[in-house]
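Computed from a predicted model, the values in this text were never measured in an experiment.
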Amino acid sequence: MRKKINRYDIALIAVIILINVFILFYGSNSMVQATEKIAYVYSNNKLVGRYTLEKNYETEFTVQDENGSGYNTIRVEDGKIWIHEATCPDKVCLHQGKIENGGEVIVCLPNRFMVQIKGSTDNTDNPDTPDDTDIIAQ
């Protein structure tokens with residue numbers, strides 16, 4: 001026996017489509033509002049700088065590690081941030097490239113250094129804690 005689609009099925013499908021369209025437009029509207037991006041710079045798990053990534057802003061600065069044996073030189077230009085020079089032996093942080101979007105991270109493990117970008121809609125109530133941990137595995 002074959003079931004036919006009745007008017008309640010059609011109404012349910014229409015409601016689901018309308019909800020999805022609403023979520024799509026509302027979500028894209030809130031993404032447009034997230035224009036201000038802030039780069040948080042951490043050394044040894046402590047906030048050492050906060051830089052707004054704007055198109056007409058340029059700066060370069062150096063962050064020394066805790067014991068003074070290593071450093072990272074960071075460059076901010078045209079709304080992007082990257083590590084320009086580092087004393088770490090593997091230079092992986094140099095190859096991570098330029099970042100510009102919220103949620104992107106550059107990490108230099110030997111120098112205990114991190115750059116994290118957060119948008120204006122991210123939870124930046126307490127920027128001193130770079131740990132937005134979802135899960136810890138042992």
Q. Does the side-chain contact (heavy atoms from CB on, under 4.5 Å) test come out yes or no for I99 and I106, once each step is laid out?
A. CA-CA 8 Å; I99 60 173; I106 297 176; 3.7 Å; yes

Show every donor-acceptor pair shorter than 3.5 Å between a side-chain atom in residues 80-88 and any protein atom, with sequence neighbours excluded, or say none if there are none.
from: E85; atom 1: OE2; to: Y71; atom 2: OH; distance (Å): 2.7
from: T87; atom 1: OG1; to: Y71; atom 2: N; distance (Å): 2.9
from: T87; atom 1: OG1; to: Y71; atom 2: O; distance (Å): 3.4

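Under the side-chain contact (heavy atoms from CB on, under 4.5 Å) criterion, V15 pairs with I19, not counting sequence neighbours. Here Y51 pairs with F61 under the ring pair (Phe, Tyr, Trp, His ring centres under 6.0 Å) rule; sequence neighbours left out. With sequence neighbours left out, the side chain to side chain donor-acceptor pair (under 3.5 Å) criterion links T62 to T73. Taking the salt bridge (Lys or Arg N to Asp or Glu O under 4.0 Å) definition, one finds that E77 meets it with R75, sequence neighbours left out.
Counting heavy atoms from C-beta outward, V105 and M114 have side chains that approach closer than 4.5 Å. Using a 4.5 Å heavy-atom threshold, the side chains of I38 and K118 count as separate. Annotation: side chain of L53 is in contact with side chain of V76 (closest heavy-atom distance under 4.5 Å).
Here the side chain of E58 pairs no donor or acceptor atom with the backbone of D78 at under 3.5 angstrom.
Contact record, V107 with C93: O-CB, 3.6 Å, taken as the closest heavy-atom pair. When all heavy atoms are compared, the tightest approach of S43 to Q64 is OG-O, 3.7 Å.
By the 6.0 Å contact criterion, CG on N20 is enclosed, its count of non-hydrogen atoms from other residues, nucleotides or ligands being greater than 12. No more than 12 heavy-atom neighbours from other residues, nucleotides or ligands sit within 6.0 angstrom of CD1 on I5.
If you chain together hydrophobic residues whose side chains sit under 4.5 Å apart, L94 and I117 fall into the same group.
Listed by first and then second residue, the side-chain hydrogen bond (donor to acceptor under 3.5 Å, both in side chains) pairs that reach into residues 99-114 are N44-R112, N72-N111, sequence neighbours excluded.
The CG atom of D90 sits 8.0 Å away from the CG atom of L109 when rounded to the nearest 0.5 Å.
Only one option out of L12, L18, I13 pairs with I16 in a side-chain contact (heavy atoms from CB on, under 4.5 Å); it is L12.
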